[in-house]
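What you see below is based on every heavy atom in this structure, not just the backbone, and it leaves out hydrogens, waters and symmetry mates. Since the model is a prediction, treat every value here as computed from it, not as a measurement. The sequence lines fix the lettering, A, B, ..., with proteins before strands; numbering per chain opens at 1.
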Amino acid sequence: MERTPWDPEGVEVRLNEAGQLADPNAAERLDLRALFEQLLTARVIDTHLTRLGLPMWAPAAGSEAPLVALGALLHEEDWVFSGGRDISLALSRGVALTEVLRQVLGLGGARVRVPAGAGAVGSSEHNLVPPTESMGLQVGMATGFAHAQKLGRAPGVTVATFGEGLTTVGAVAEALAIAAAQSLPIVFLCKSQLWPDAPPAEAGIFGDSVHARCSTMGMWARRVDGADLVAVHDALDTACARARDGLGPCMVECVVTPLHRTPPPHRDPVERLRRFLEAAGTWTQTSHDIVEAKAKSKFQKALHELGVDQ
Amino acid sequence: MERTPWDPEGVEVRLNEAGQLADPNAAERLDLRALFEQLLTARVIDTHLTRLGLPMWAPAAGSEAPLVALGALLHEEDWVFSGGRDISLALSRGVALTEVLRQVLGLGGARVRVPAGAGAVGSSEHNLVPPTESMGLQVGMATGFAHAQKLGRAPGVTVATFGEGLTTVGAVAEALAIAAAQSLPIVFLCKSQLWPDAPPAEAGIFGDSVHARCSTMGMWARRVDGADLVAVHDALDTACARARDGLGPCMVECVVTPLHRTPPPHRDPVERLRRFLEAAGTWTQTSHDIVEAKAKSKFQKALHELGVDQ
Amino acid sequence: MTTVLEQLSRVVADLLREDRRRVVLGEDVRDGGMLGLTRAAVEDEAISPRLLGLPLTSTAGLTHAAGLAIGGARPLMLMPSVAALVEGLAALRETTRFSKRYDTERALPLLLIAPCGPGFGLGGDAAMDAVSHLTCVEGLRVVVGAEPSEFPALLRAAASFDAGESPTVLLLPRNLLLREMDPAAEEDLEDAIDQVRTLEHGDELTVFCWGAAVERVQQAAQRADASVRVTDLVSLQPLDRDGILEAARATGRVVIVTPSAPSNGPSCQIAALLADEAILHLDAPVKHLYGRTGDVEARHEHDLIPSIDAITSTLNATATY
Amino acid sequence: MTTVLEQLSRVVADLLREDRRRVVLGEDVRDGGMLGLTRAAVEDEAISPRLLGLPLTSTAGLTHAAGLAIGGARPLMLMPSVAALVEGLAALRETTRFSKRYDTERALPLLLIAPCGPGFGLGGDAAMDAVSHLTCVEGLRVVVGAEPSEFPALLRAAASFDAGESPTVLLLPRNLLLREMDPAAEEDLEDAIDQVRTLEHGDELTVFCWGAAVERVQQAAQRADASVRVTDLVSLQPLDRDGILEAARATGRVVIVTPSAPSNGPSCQIAALLADEAILHLDAPVKHLYGRTGDVEARHEHDLIPSIDAITSTLNATATY
Ligand SMILES: Cc1ncc(C[n+]2csc(CCOP(=O)(O)OP(=O)(O)O)c2C)c(N)n1
Ligand SMILES: Cc1ncc(C[n+]2csc(CCOP(=O)(O)OP(=O)(O)O)c2C)c(N)n1
Ligand SMILES: [Mg+2]
Ligand SMILES: [Mg+2]
């Protein structure tokens, strides 16, 4: 296939546009069918949440792969400090959909408070800390948490997720510096939005990519294509393993595609993995429809349980 | 000569430890005798200021070369936003020593307020903005000023000076990002302290150097040895020329040697240039003593004029 | 009819046309702005180059605006929320005191426009008015709108720095921004923006209020069993001390109604002023009414403004004390 | 004899020894700390690994401390100055409300120790007490020392979070830190740190004061022609409302003396409280005395504390009003 302005540069491809694996073993290492179901479920829930027209809401469609992969890699004792647009991770950590909706819709009885429109969820049972109201301050909390783990020799990785927007925010730059200076066991997962055209000044995209900037801070850093679930998974796997081994901070920059801007279909992580599964003979339209219908009905049931009219 | 832990890596040498020029033409391009006098005068004044035992004071000895070189390169319409320890620049811009002392000693009648111990001076006549009380906020003012110059097509370079300490401060990281994103005509001059032993976590030294970090932000960036006046001058010359030509932000990182930690003599920019002048036959102990004595008497006269007992 | 926001967007464009020194900064300003306040300006090529987009920052965006002002520009900065001013408080402090420290004749002509308070269903920091934080910044001018049809005139007045005014925050209560208004009926300001405005001229009781509280206070004043003098502070910093003292002494009874959680902002300053300079004129305790306390959830954000019932009963109780 | 700072440095080391969860953060803490507060701790290898040096930051150092607390540590953070807390205000706000937002049982056990006010000849932000800024942070506990020989006990009390206390700022007035004290005479606290302390039991006039103002108020009380009740607030947030009202009602005359520039901090809150709940017990205007206004230069920094003469004459005027 020809490279389009929609294809990120500087990334190693593991699952290509056509849904072909660079390393066929990946299909054995990874339960790609299960991951596909999670991706698709996350997509359906994001679509339905987006339709609710919540204030300040932005869809997460196109950026699910890093979060689903991360969910598969994390252990119970690991902690995540969320930067937003990562409800799929909350779901894969086991937060109940009703609790997700309580928080995201600002209903009574929510256990944790999240900022309006952040598209994030917190849960003290699931070691999932939501974003702060002030931009990016949860990243600095994450470094402190990792420091406590390091001092206490507690097992576990600390992860902070965020978007490229936050990489120009001072408090985040400071937190990255602290992690580097103290060699803390933390994984930064940055979802960098892909701009097929010139990014606006607001986008925080200039010079080399986020991973290059972190690399010069002395971090292990990788840049991967967020549409390529296998590449994303493998980079995060290495990053988590390094953090578990006390090898200091890692940055995994995942280039994510804003699907609402209608990129070519292969830029959709769901579609790309679907192509692989179809070729492998483990995808049918019917099974696809069933996953979608299940997710939809789960969503509607949860809303109903909470007494929300649609 | 053998490389010691006191010699910075990753720098191109223009005036070596022995005081030899890599490019003999430099002696014609630059008035090295005049620059030497300025360096020596700055040193004497710093020494005398340090003896006053001002609260929070830290000496600037060893870091004069970048500031003296900058002073020689700037035009009247250029603006400098000072980050501290750069009184030598104020002197070369023409701020009266009495005004310098009023500000630094916090005497009545000072025109401009500077933070205690910053070792900085401001002057609205000389387009020299002193540091803010809050760490590093003058760097963000500098980017805004450069933006105004760019919009107004006004001639002139904007310079922000600071130390490596500020490079981990969020407001400075944000300002660098703005300069890169808007391609502003600004020169950042960072004085990075040399640590012959392992730097403490506070030092903001990790990963690659400051210039590498800025390079990945898309800036033209150079790292030079602050003991090498010629290298510093040439890097700043290029940076200022680029800014004047509207080519966007530049970072010149100068590795400066804290003389109070008693490094080998060749790490002193004054001594190194003295070796050159001596070899060139334009230095004598007498002329040296005269410059020192002049600076000292100027200092004491100014103090006297201000009614300060020593 | 048009919305207040649409009308304000026209004023922003006019302000850019009227003075070439003006520039507009803020998130997405080249794309209409987060509130749509640059929608008119993006359409006009003569002024759109002065819409300046910046990367996301907490502090350096504000100091950048200050630097533009140092360089001779007159920046209007469109904040996503008053919360952003609290995040950048250190920058506000440095910006406000810059001219005194740097010995320049004039204060920096910087206008920060921030939506505040409940109205968009956001809750949390977006629903605060942050007035207590802002009024800790010495010398910062803080002005808050109360009557939507006057917002355009208020914006014009706040954007004029011709008398060397200090850096200014113009707070626009969110619940008023989506109101409809007749563009032709755009009102001029009757009073200077540094003076209290008397909206009802009763003589038994004085209410001090501002922003989103004003409308409810006016309604409560209609219902109350007393003749109520309703005073809109307009300027929360500096406070119009003479106007406040005069209004308090005129009735001898005072209630202060704050459109936010309890805080140590202007309401306490007014009470302190009265306890010092008007105590012998007061016939009843100075009562404060605040909205809901704490970190307010979206669904409760309107409780940040005291209810008409609560205001009415406090007015009645104070009038008959 | 030893200086208060030296004694505090021993307390810091003891606190680290007593509880392995404690860690100390701050500039140069591995090298004794900017004020020398970790000088004793660096000598003891058993605890020195818990002295954590960080790069210079405005915000992330504070959130890092919060994160350590989330992870089960009990951080003591040594601030270079109270000014640094204002620079990191957003972090203070997030830290203080974290437990409520994140649904944990206990508040984060984080102690921030900050020198404040005049004393080191610095002027500017270092000379402020920043109390108005800090008391805008809802839920933050703010305690200020006034009697140097009690600082060690105050530090121990503030560092104990056994009752689930909120994140706490302990302010130590700079002009008291270099005093000499007898280590053997280290005093215990007579009262809990959340209550006002009555230092002189006069009955004609009540003075509320705190921190660096207390000593001058006591001296002025001796000189005044009236019998003065001197009340040290100790806790600036939360205010001991009952203690304040009782002290005010006991004399009917109130003066508030603030060791800083005018601001809308506790002094206004006290006046507002009195105007609401004690107005019928007051026989005279509630007077405020502040120090020098504005961005104070080093050579004037001691004028931030009202002079004994100024306090004395205000006491006399209020007593005979
Ligand atoms: C000062 C300020 N505080 C808060 C916000 C709201 N806000 C919180 S995080 C954020 C940036 C998010 O960007 P990114 O990290 O890329 O995540 P994305 O939403 O793109 O997924 C914004 C705009 C704001 N706009 N401005
Ligand atoms: C929060 C905070 N604000 C202000 C200061 C004082 N301060 C101002 S700039 C600065 C760092 C200076 O480091 P650098 O830029 O390397 O300059 P140097 O003094 O080393 O020349 C410090 C410590 C402080 N220590 N902490
Ligand atoms: Mg983004
Ligand atoms: Mg330094």
*Mind checking whether His133(D) and Arg93(C) have side chains closer than 4.5 Å, heavy atoms only?*
yes

*Closest approach of Asn264(D) and Thr135(C), non-hydrogen atoms and distance?*
ND2-OG1, 2.8 Å

*Do Lys100(C) and Asp295(D) meet the salt-bridge criterion of a basic N to acidic O distance under 4.0 Å?*
no

*For Leu282(C), is it the side chain, the backbone, both, or neither that has a heavy atom closer than 4.5 Å to a heavy atom of chain D?*
side chain

_Contacting region of Leu280(D) [heavy-atom separation from chain C under 4.5 Å]_ = side chain

_Option in Lys287(D), Glu87(D), His288(D) with maximal non-hydrogen atom pairs under 4.5 Å from chain C_ = Lys287(D)

*Select one option (side chain, backbone, both, neither) describing which atoms of Glu138(D) are under 4.5 Å from chain C's heavy atoms.*
side chain

*Is it the side chain or the backbone of Ile256(D) that comes within 4.5 Å of chain C heavy atoms, both, or neither?*
neither

*Given that the side chain runs from C-beta out, which part of Leu89(D) has a heavy atom under 4.5 Å from chain C: side chain, backbone, both or neither?*
side chain

*Looking only at non-hydrogen atoms, find the nearest pair between Cys136(C) and Cys136(D) and report the distance.*
SG-SG, 3.8 Å

*May I ask you to name which of Ala90(D), Gly294(D), Ala278(D), Cys268(D) has the most heavy-atom pairs under 4.5 Å with chain C?*
Cys268(D)

*By a 4.5 Å heavy-atom criterion (distance strictly below it), what part of Ala83(D) contacts chain C: side chain, backbone, both, or neither?*
neither

